[in-house]
Amino acid sequence: MRTILHADLDAFYASVEELDQPSLRGKPVIVGGDPGGRGVVSAASYAARKFGVHSAMPLRTAARLCPDGVFLPGRPDRYRDLSRQVMAIFASFTPLVEPLSLDEAFLDVTSSREAFGDGETIARTIKQRVRDEVGLVVSVGVATNKLCAKVASDLRKPDALVVVPSGGEAAFLAPLPVRRLWGVGPQARQALADYGVVTIGQLAALPEGTLRRRFGSHGVELAVRARGVDPSPVVPSQGAKSIGHELTFDRDVSDPARLEATLLDLAESVASRLRHHDLAAGAVQLKLRYEGFETITRQMPLASQ
């Protein structure tokens, strides 16, 4: 059974601005530019969302809803830099990372469970590393497929961790509004409302023939999704550049024998994943991080065979 994660950075652009300017934390931060201009909101902090501000909203509307908002221009270079750092953390757990945008990605960690633990454990580790190493908060959904993982990550934002148990996909989706299902836009919602369908469970119970007559082949696809079925694979946008494994000791360790044993265990975990994906390493890198995040790295190329 597959283990798929959907990781989504919370209010990414606004959170980056708060990270770089701590005095903004807790304030209604709105990224997009001049509130008197013709632009739209790129991102809004959760404090701003309480006023009804959301992305893609005209800035003038946002200013009317939230007159005390802190309006900031975007900084694309900074967002890309932090995105790369977060994606590198994702890639240290699996080479199967499918970025959807700067702030979200799917991860297939099925083959990583032996090295890092089950899906929930991996999700918790990722959340902690992103917080500690980058300073941002990421919400994660864990499921057996991309559809349920993405829905799960969005349910309890911010700082969400939602796990959909294997076999419980349909039950997880059933009480949710149909708008949360991929492919159900405003027009489809209205059409489904004509049949009395407002939840995903009601959509799943609708006769397939009815859906086919009303929506054609798309209706059949909706019925399949409503039952929590999604076989689509996680497709990396590019080949993995590195595979690694890290361990954080609960207490400081200076015993050489224990350190060597731990290092050998980490090396074997990495080698196992390389073999699984039929890959060969071109270099080996060792990273040592002390308390306070002082980090030392050493790298050595490997001779080609």
**Student:** Linking I/L/V/M/F/W/Y whenever any side-chain heavy atoms sit under 4.5 Å apart, do V109 and L161 land together?
**Tutor:**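 Yes, same cluster.
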**Student:** Looking at every non-hydrogen atom in both residues, tell me the closest pair between A14 and S45 and how far apart they are.
**Tutor:**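 Minimum heavy-atom contact is CB-N, 3.6 Å.
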**Student:** I need the L82 CG to L136 CG distance, nearest 0.5 Å.
**Tutor:**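 Nearest 0.5 Å value for the CG-CG distance: 6.0 Å.
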**Student:** Between C148 and L173, is the side chain to side chain contact (heavy atoms under 4.5 Å, CB included) condition met? List the steps.
**Tutor:** CA-CA 8 Å; C148 290; L173 293 173; 4.1 Å; yes
**Student:** Got L192 and L211 here, is their nearest side-chain heavy-atom distance under 4.5 Å?
**Tutor:**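 Yes, side chains in contact.
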**Student:** Starting from the C-alpha separation in whole Å, work towards a yes-or-no answer on salt bridge (Lys or Arg N to Asp or Glu O under 4.0 Å) for D194 and R214.
**Tutor:** CA-CA 11 Å; D194 294 341; R214 180 63 181 81; 5.6 Å; no
**Student:** Compare all side-chain heavy atoms of F93 with those of T125 and state whether any distance is below 4.5 angstrom.
**Tutor:**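 Sidechains of T125 and F93: in contact.
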**Student:** Looking at CD1 of I4 and NE2 of H6, how far apart are the two atoms once the value is rounded to the nearest 0.5 Å?
**Tutor:**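 Those atoms lie 12.0 Å apart.
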**Student:** Looking at every non-hydrogen atom in both residues, tell me the closest pair between G167 and E169 and how far apart they are.
**Tutor:**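 Closest heavy-atom pair between G167 and E169: N-OE1, 3.1 Å.
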**Student:** How long is the span from the OG1 atom in T94 to the CG atom in L107, to the nearest 0.5 Å?
**Tutor:**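 That separation rounds to 6.5 Å.
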**Student:** Run the side-chain contact (heavy atoms from CB on, under 4.5 Å) test against R25 and tell me which residues pass, sequence neighbours left out.
**Tutor:**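 With neighbours one apart ignored, the set is E18, L19, P22.
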**Student:** Which atoms form the tightest heavy-atom contact between V197 and L203, and what is the distance?
**Tutor:**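 Answer, listing the atom of V197 first, then L203: CG1-N, 3.6 Å.
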**Student:** Could you walk me through whether N145 and R2 pass side chain to side chain contact (heavy atoms under 4.5 Å, CB included), step by step?
**Tutor:** CA-CA 7 Å; N145 60 54; R2 294 190 303 163; 3.7 Å; yes
**Student:** Might you work through the salt bridge (Lys or Arg N to Asp or Glu O under 4.0 Å) test for D108 and K146, ending with a clear yes or no?
**Tutor:** CA-CA 9 Å; D108 186 334; K146 294 166 72 174; over 6 Å; no
**Student:** To check you understand the geometry: which heavy-atom pair defines the closest contact between A123 and V142, and what is its length?
**Tutor:**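 Shortest heavy-atom contact: CB-CG2, 3.8 Å.
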**Student:** More than 12 non-hydrogen atoms from neighbouring residues, nucleotides or ligands closer than 6.0 Å to CD on Q299, yes or no?
**Tutor:**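 Yes - once you tally the heavy atoms of other residues, nucleotides and ligands closer than 6.0 Å, there are more than 12.
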**Student:** Does this structure show an ion pair linking D68 with K27, if we count only N-O contacts that are shorter than 4.0 Å?
**Tutor:**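 Not counted as a salt bridge, because no side-chain N and carboxylate O are separated by less than 4.0 Å.
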**Student:** Is there a side-chain contact between L102 and F12 (heavy atoms, below 4.5 Å)?
**Tutor:**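 Yes, side chains in contact.
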**Student:** Got a sec, which residues hit side-chain contact (heavy atoms from CB on, under 4.5 Å) with R75, two or more places apart in sequence or on another chain?
**Tutor:**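 R75: side-chain contact (heavy atoms from CB on, under 4.5 Å) contacts with V16, E17, D20, R78, Y79.
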**Student:** Would you call L24 and L72 a side-chain contact if the rule is heavy atoms closer than 4.5 Å?
**Tutor:**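 They are in contact (side-chain heavy atoms under 4.5 Å apart), so the answer is yes.
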**Student:** Sequence neighbours left out, cut at 3.5 Å: what donor-acceptor pairs do the side chains of residues 57-67 make with other protein atoms?
**Tutor:**
unit_1, atom_1, unit_2, atom_2, d
R60, NE, G36, O, 3.0
R60, NE, G37, O, 3.3
R60, NH2, G36, O, 3.1

**Student:** Linking I/L/V/M/F/W/Y whenever their side-chain heavy atoms sit closer than 4.5 Å, directly or via other members, would I200 and V198 fall into one cluster?
**Tutor:**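 They do not share one cluster, since no chain of ILVMFWY contacts under 4.5 Å joins I200 to V198.
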**Student:** Is a side-chain donor or acceptor of T144 paired with a backbone partner of S166 at a separation under 3.5 angstrom?
**Tutor:**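 No: the side chain of T144 does not pair with the backbone of S166.
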**Student:** Can you give me the closest heavy-atom contact between A105 and P99, atom names plus distance?
**Tutor:**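 It is CB-CA, 3.7 Å.
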**Student:** When you compare the side chain of D10 with that of K157, does any pair of heavy atoms fall below 4.5 Å?
**Tutor:**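 Answer yes - side chains close enough.
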**Student:** Look at D132 together with R129 and state whether they make a salt bridge at an N to O cut-off of under 4.0 Å.
**Tutor:**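 Judged by the 4.0 Å cut-off on N to carboxylate O distance, D132 and R129 do not form a salt bridge.
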**Student:** Are S139 and R156 linked by a side-chain donor-acceptor pair shorter than 3.5 Å?
**Tutor:**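 Side chains of S139 and R156: no pair found under 3.5 Å.
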**Student:** Kindly write out the residues that satisfy side-chain hydrogen bond (donor to acceptor under 3.5 Å, both in side chains) with R180, not counting sequence neighbours, or none if the list is empty.
**Tutor:**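 Partners of R180 under the side-chain hydrogen bond (donor to acceptor under 3.5 Å, both in side chains) test: D154.
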**Student:** Would you say Q85 and D81 make side-chain contact, with heavy atoms under 4.5 Å?
**Tutor:**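 They are in side-chain contact.
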**Student:** Linking I/L/V/M/F/W/Y whenever their side-chain heavy atoms sit closer than 4.5 Å, directly or via other members, would F51 and V40 fall into one cluster?
**Tutor:**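 Different clusters: F51 never reaches V40 through Ile, Leu, Val, Met, Phe, Trp or Tyr contacts under 4.5 Å.
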**Student:** Could you walk me through whether F172 and V151 pass side chain to side chain contact (heavy atoms under 4.5 Å, CB included), step by step?
**Tutor:** CA-CA 10 Å; F172 163 72; V151 172; 3.9 Å; yes
**Student:** Can you list every side chain to side chain donor-acceptor pair (under 3.5 Å) pair that touches residues 47-59, not counting sequence neighbours?
**Tutor:**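 Listed by first then second residue: nothing to list.
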**Student:** Kindly indicate, with the supporting measurements, whether the criterion side chain to side chain contact (heavy atoms under 4.5 Å, CB included) is fulfilled by I30 and V70.
**Tutor:** CA-CA 6 Å; I30 301 167; V70 181; over 6 Å; no
**Student:** Considering non-hydrogen atoms only, spot the tightest contact between P236 and V234 and give its length.
**Tutor:**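 Reported closest heavy-atom pair: CD-O, 3.5 Å.
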**Student:** If hydrophobic clusters are built from ILVMFWY residues whose side chains come within less than 4.5 Å, do V140 and I122 share one?
**Tutor:**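 Shared cluster, yes.
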**Student:** In the single-linkage hydrophobic clustering (I, L, V, M, F, W, Y; side-chain heavy atoms under 4.5 Å), do F90 and V137 co-cluster?
**Tutor:**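 No, F90 and V137 fall in different hydrophobic clusters.
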**Student:** Tell me, do R124 and T121 make a side-chain contact under 4.5 Å, heavy atoms counted?
**Tutor:**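 No. Closest side-chain heavy atoms not under 4.5 Å.
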**Student:** Output the distance between atom OG (S111) and atom CZ (F116), rounded to the nearest 0.5 Å.
**Tutor:**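 Between S111 OG and F116 CZ, I get 11.5 Å after rounding to 0.5 Å.
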**Student:** State, with a plain yes or no, whether a side-chain heavy atom of L5 is found less than 4.5 Å away from one of I126.
**Tutor:**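 Side-chain contact under 4.5 Å: yes.
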**Student:** Any side-chain to backbone donor/acceptor pair from E104 onto L100? Under 3.5 Å, distance only.
**Tutor:**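 No, E104 side chain to L100 backbone: no donor-acceptor pair under 3.5 Å.
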**Student:** Report, one line per pair, each donor and acceptor closer than 3.5 Å where one atom sits in a side chain of residues 215-230; sequence neighbours left out.
**Tutor:**
unit_1, atom_1, unit_2, atom_2, d
H218, NE2, G183, O, 3.2
R225, NH1, W182, O, 2.9
D230, OD1, S232, N, 3.3
D230, OD1, S232, OG, 2.8
D230, OD2, L147, N, 3.0
D230, OD2, S232, OG, 3.2

**Student:** Between K150 and D8 (salt bridge meaning N to carboxylate O under 4.0 Å), is one present in this structure?
**Tutor:**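 Judged by the 4.0 Å cut-off on N to carboxylate O distance, K150 and D8 do not form a salt bridge.
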